[in-house]
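Structure record follows, encoded as structure tokens.
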Amino acid sequence: MMDDVLISLRKISKSYKSENGIVKVIDDITMDIKKEFLVILGPSGCGKSTLLRIIAGVESYSGGEIYYASGRVPKIGFVFQFPSLLPWMTVIDNVSLPLKNMGLGKDEAKETAKRYLSLVGLSGFEELYPYELSGGMRQRVNLARALAIQPEILLMDEPFSNLDPLTAESLRAEVLDIWLSGITPLKAIVMITHSVDEAIFLADRIVILTPRPSKIAKELKVNLPRPRNRRSPEFEQLEDLVYSYVS
Ligand SMILES: Nc1ncnc2c1ncn2[C@@H]1O[C@H](COP(=O)(O)OP(=O)(O)O)[C@@H](O)[C@H]1O
Ligand SMILES: [Mg+2]
């Protein structure tokens with residue numbers, strides 16, 4: 001394994017057994033995850049969520065191997081497509097819960113939770129319940145909860161696809177700020193999307209998947225300076241290029 005590689009997937013395949021037989025979802029994916037903002041782009045139903053769960057070490061696979069640089073699954077923060085907050089717990093208790101599960105004392109857990117809520121712009125909302133929040137705020141709480149455990153790798157499964165466009169855009173900017181600021185111990189972000197625009201706006205590198213069963217259609221580096229201007233000719237050129245690989 002190369003020095004800068006955190007996770008290496010080798011010939012990963014995955015099939016599900018269904019009533020109508022075996023469904024092949026992932027077909028021979030070989031890729032490395034480095035210290036980078038990696039975006040995996042693919043059409044709906046191609047196996048993106050399955051792949052992300054495999055990377056997280058919480059889903060079995062049918063063939064191939066995964067190597068982790070540290071020799072074991074690193075500490076991973078996971079942001080799901082739909083905010084998965086416990087409705088009977090306040091915002092701060094939701095964010096504190098995984099910290100307590102990690103063995104932090106009650107006060108330290110709250111203190112840490114508060115810090116990460118402030119990082120995502122939710123100071124003052126600690127004592128509210130999830131139903132009192134907008135969709136965007138709930139997704140912020142999800143992000144704070146994922147970051148509060150101080151993961152090495154942040155996995156995000158279409159985190160912005162259920163938000164209105166303006167909210168999604170401000171959350172994108174904030175995730176990017178957090179990533180670029182280096183104030184967290186994050187070494188990599190792996191985000192899944194079906195949006196070409198989002199992939200080019202955020203990624204250091206894009207891995208494009210084919211429709212199911214997903215294979216890698218193309219890997220592309222995005223060397224555009226940040227903040228990226230969607231109206232620049234370079235952005236639009238890259239957009240054309242990416243679309244040419246999206247079937
Ligand atoms: N637990 C499961 N059992 C059977 N089939 C599944 C299961 N999870 C996902 N699938 C099937 O695998 C395919 C890919 O699913 P998924 O990884 O969620 O795709 P994506 O996230 O790209 O939309 C879908 O066709 C889905 O029906
Ligand atoms: Mg999915």
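In each ligand, atom 1 is the first atom listed, and ligand 1 is the first ligand listed. Below, all heavy atoms of this structure are taken into account, side chains as well, without hydrogens, waters or symmetry copies.
Atom 27 (O) of ligand 1 has R212 NH1, 4.6 Å as its closest protein atom, hydrogens excluded (heavy atom only). Given atom 13 (C) of ligand 1, the protein heavy atom at minimum distance is G45 O, 3.7 Å. When only non-hydrogen protein atoms are considered, atom 12 (O) of ligand 1 lies nearest to V25 CG2, 3.3 Å.
For T50, the side chain to side chain contact (heavy atoms under 4.5 Å, CB included) partners are K14, Y16, V25, I26, R53, I54, E59, not counting sequence neighbours. For T210, the side chain to side chain contact (heavy atoms under 4.5 Å, CB included) partners are S214, K215, A217, not counting sequence neighbours.
For atom 18 (O) of ligand 1, the choice among S49, S15, G47 with the nearest heavy atom turns out to be S49. Of the candidates K48, E158, K24, it is K48 that places a heavy atom closest to atom 22 (O) of ligand 1.
Looking only at atom types and distance, the side chain of T167 has a donor-acceptor partner in the side chain of D164 under 3.5 Å away. When only modelled atom types and interatomic distance are considered, N142 and Q139 share a side-chain donor-acceptor pair under 3.5 Å. Between the side chains of S13 and D27, no donor-acceptor pair of N or O atoms lies under 3.5 Å.
Within the listing of ligand 1, atoms 15 (O), 16 (P), 17 (O) sit less than 4.0 angstrom from a heavy atom of T50.
Of the polar atoms of Y16, at least one N or O is found under 3.5 Å from an N or O of ligand 1, judged by distance alone.
Counting only residues at least two apart or in different chains, salt bridge (Lys or Arg N to Asp or Glu O under 4.0 Å) contacts with residues 171-196 comprise R140-E174, E152-K187, E169-R172, R172-E198.
The backbone N or O of I200 sits less than 3.5 Å from a side-chain atom of R228, completing a donor-acceptor pair. In this structure, K48 contributes its side chain and P43 its backbone to a donor-acceptor pair below 3.5 Å.
For D107, the CG atom is loosely surrounded, since the number of other residues' heavy atoms within 6.0 Å does not exceed 12.
Legend: protein N/O/S atoms lying under 2.8 Å from the Mg ion (ligand 2), waters omitted, number 1.
Within 4.0 Å of atom 16 (P) of ligand 1, at least one protein heavy atom is present. Distance check for atom 6 (C) of ligand 1: a protein heavy atom is found below 4.0 Å.
Between R10 and the choices T30, D28, D32, the side-chain hydrogen bond (donor to acceptor under 3.5 Å, both in side chains) rule is met once, by D32.
A heavy-atom separation below 4.0 Å is not found between G42 and ligand 1.
Aromatic pair Y243/Y245: ring centres not closer than 6.0 Å.
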